[in-house]
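Data block below; observations after.
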Amino acid sequence: MKFHQIWPVVFCLFGVPSVLSANHPLDDTERPNLIFLMADDQCTYSMGCYGTPHAKTPNLDKLASDGITFDRHYVSTAICMGSRANVVTGTFEFKHSCNFNRGPLIEEDWNQSYPLLLRRAGYSTGFAGKIGFEIGKSVSVPNQGSNTYLPSEDFDQWGGGPGQTSYQTAKNQSMKKYASAHPHSTTAYGAFGVDFIRKFSNKKKPFCLSISFKAPHRPVQPDPQFNRIYQGIQFVKPRNFGRQNGSHFSQQSRQGRQFERFHTWEYSSSYDEVMAKYYQQIYAIDVAVGMIRKEVIRQKIEKNTVFIYTSDNGFFCGSHGYGSKVLPYEESSRVPLIIYDPRHPNSHKQIRCRSLSGNVDFAPTLLSLAGVQIPEKMDGRNLMPLYDDPKSSIRKSLPLINVWGPQETYSLAVVTKEGKYINWPYAKNNFSRTEEFYNISDDPFELENRISNPDSAKTVNQLRQFYDQYVKQWREESIPGRGYSSLAGFFSR
Ligand SMILES: [Ca+2]
């Protein structure tokens with residue numbers, strides 16, 4: 001009897017989570033195939049399933065209606081490199097210490113990442129796209145230089161590339177063979193996925209395919225075959241679009257590139273044209289997701305293949321008068337998340353989950369789905385109990401960290417079910433330390449800083465306590481050598 005056939009019996013008998021305990025390894029007829037798909041810089045205002053009226057994302061919307069869509073999913077670090085290290089290691093930034101201004105992913109952490117743990121547990125693994133980091137043997141290895149390496153040998157099939165990779169498939173060494181049929185990289189990654197599935201779905205062992213699309217990250221180079229998709233459309237701006245609502249945000253948040261990009265990236269002057277190209281990039285991802293899902297069905301593995309779709313960070317797109325990402329506000333730090341487990345009785349019910357989740361949760365989730373023990377070092381939690389009961393919770397809080405860019409913009413925030421507390425400690429020159437509190441449940445657009453509102457006092461105090469716990473963890477668990485230890489003092493209240 002196949003796993004998906006015995007599943008309803010198991011559920012009726014015990015009413016327990018879908019995911020078998022990591023202490024009871026699954027055999028290969030039970031272990032699902034895993035497909036982890038990640039966009040780059042995709043905000044939630046970009047998909048039909050997230051309520052964006054003009055978005056054309058039929059394949060992603062179908063995935064959402066087949067599975068569960070998450071409305072409170074955050075990235076603990078809202079910039080490419082740090083976020084991707086969160087994802088593979090399941091740990092917070094101060095523990096993995098991998099980011100643009102800090103250093104590469106340390107080999108010891110990479111050895112405990114989900115792709116390597118799954119491969120060691122017998123999974124065939126594949127990766128294509130922008131991996132976003134390189135590996136260094138020790139903490140002292142800098143990002144630039146000849147002492148880092150791409151982990152191409154650590155996968156059974158490799159279509160990844162260094163740095164930001166290129167939208168021109170021909171320029172990505174490991175993807176060249178797709179260049180004639182797919183000159184733009186987004187659908188080329190779809191083709192890589194199709195080939196991988198074809199090659200590994202008839203093996204006796206399960207597979208884990210991870211694809212990190214470059215889209216919709218800048219430069220603005222959408223695939224011209226989709227030029228007509230959003231031509232001439234006037235887009236509806238979100239309620240918090242533009243500067244008029246942004247004055248309640250801290251002076252610290254207005255330093256650095258995010259603030260000036262409202263104008264230089266033309267959200268203020270050419271919103272419709274800019275957004276048409278942004279959405280066009282996401283449309284190409286949707287096409288690639290469609291290619292991959294079709295191949296899963298063609299290979300008759302659709303009943304035992306779990307999909308996860310998300311983004312490495314969000315994107316302001318002019319909300320509050322900001323562009324880009326990095327800052328702890330919703331558009332930047334909250335991202336799409338869809339999980340589809342075809343074996344589960346909660347699938348095909350168009351369920352939404354409003355419980356808190358984070359990008360550090362992916363590694364534990366993938367390992368749990370495969371019946372692999374979750375390393376103790378991981379800060380993330382298995383997300384599948386939320387699939388079992390979308391009203392339950394797996395975490396009370398999540399830290400949102402920014403220690404990239406000018407020090408003025410360094411912030412530590414805590415998000416909970418109720419709201420978000422942000423501390424901006426920078427207090428030199430004309431700055432003074434600033435705190436913000438947004439009640440996300442009744443102010444989802446973060447239009448009112450209620451830090452001094454007496455009605456919020458109890459919640460703010462609770463959030464400060466969570467905050468202090470993260471500073472304590474930061475002090476105790478950050479690794480020395482990359483400047484994180486002293487930042488615990490910077491963030492102390
Ligand atoms: Ca990114």
Side-chain angles (χ1 to χ4, degrees), residues 36-47 50 60 73-89 92-93 96 98-102 104-105 127-134 143 150 160-167 172 185-186 189 210-222 256-258 261 265 267 274-275 277-282 284-286 288-289 308-319 322-338 358-363 398 400-405 409 411 413:
F36 181 73
L37 305 172
M38 188 159 72
D40 191 344
D41 292 5
Q42 182 183 355
C43 64
T44 55
Y45 304 155
S46 63
M47 296 157 89
Y50 277 92
L60 291 166
H73 181 72
Y74 291 85
V75 293
S76 185
T77 295
I79 191 165
C80 307
M81 191 168 174
S83 171
R84 283 148 202 266
N86 292 156
V87 168
V88 295
T89 65
F92 297 134
E93 182 181 335
H96 61 65
C98 171
N99 211 339
F100 292 110
N101 54 335
R102 304 287 165 182
L105 190 60
F127 179 86
K130 172 180 154 182
I131 194 159
F133 53 77
E134 295 201 7
N143 264 329
L150 278 174
Q164 296 289 344
T165 69
S166 175
Y167 278 127
N172 297 322
S185 76
T186 304
Y189 295 132
S210 303
I211 294 181
S212 292
F213 296 99
K214 177 176 172 58
H217 194 287
R218 289 173 72 104
V220 184
Q221 291 172 5
R257 67 187 199 181
Q258 289 75 229
R261 283 179 172 179
W265 284 1
Y267 297 107
V274 173
M275 293 309 289
K277 287 181 175 157
Y278 182 72
Y279 290 140
Q280 187 178 334
Q281 296 268 40
I282 294 161
I285 297 179
D286 189 85
V289 170
I308 298 179
Y309 182 84
T310 191
S311 176
D312 71 333
N313 52 256
F315 221 49
F316 276 107
C317 300
S319 282
Y322 292 77
S324 199
K325 52 234 182 183
V326 174
L327 304 175
Y329 302 117
E330 289 290 277
E331 287 73 17
S332 164
S333 64
R334 191 168 64 85
V335 296
L337 170 60
I338 301 165
N359 64 348
V360 290
D361 298 328
F362 290 128
L398 186 81
L400 308 180
I401 295 165
N402 179 47
V403 289
W404 178 88
T409 63
S411 63

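Just follow the structure's listing: the first ligand is 1, and inside any ligand the first atom is 1. All values reported here derive from a predicted model rather than from experimental measurement.
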Gln281 versus Tyr167, side-chain donor and acceptor atoms under 3.5 Å: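 Side-chain D/A pair, Tyr167 to Gln281: present.
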Tyr309 side chain to Gln42 side chain, donor-acceptor N/O pair below 3.5 angstrom: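 Indeed, the side chains of Tyr309 and Gln42 share at least one donor-acceptor pair under 3.5 Å.
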Three-point angle Asn313:OD1, the Ca ion (ligand 1), Asp312:OD2, rounded to the nearest 10°: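 Approximately 90° at the metal, rounded to tens of degrees.
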Any donor-acceptor pair under 3.5 Å from Asn172 side chain to Ser166 backbone: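 Judged by distance alone, yes, a pair lies under 3.5 Å.
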Asp40/Lys325 ion pair, N-O < 4.0 Å: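 A salt bridge is absent here (no side-chain N lies under 4.0 Å from a carboxylate O).
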Asp40: its N/O/S atom lying closest to the Ca ion (ligand 1) (atom name):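 Result for Asp40 and the Ca ion (ligand 1): OD1.
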Among the N, O or S atoms of Asp41, the one nearest the Ca ion (ligand 1):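 The Ca ion (ligand 1) is closest to the Asp41 atom OD1, counting only N, O or S.
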Metal proximity, Cys80 vs the Ca ion (ligand 1), N/O/S cut-off 3.0 Å: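 Given the 3.0 Å cut-off, Cys80 counts as a ligand of the Ca ion (ligand 1).
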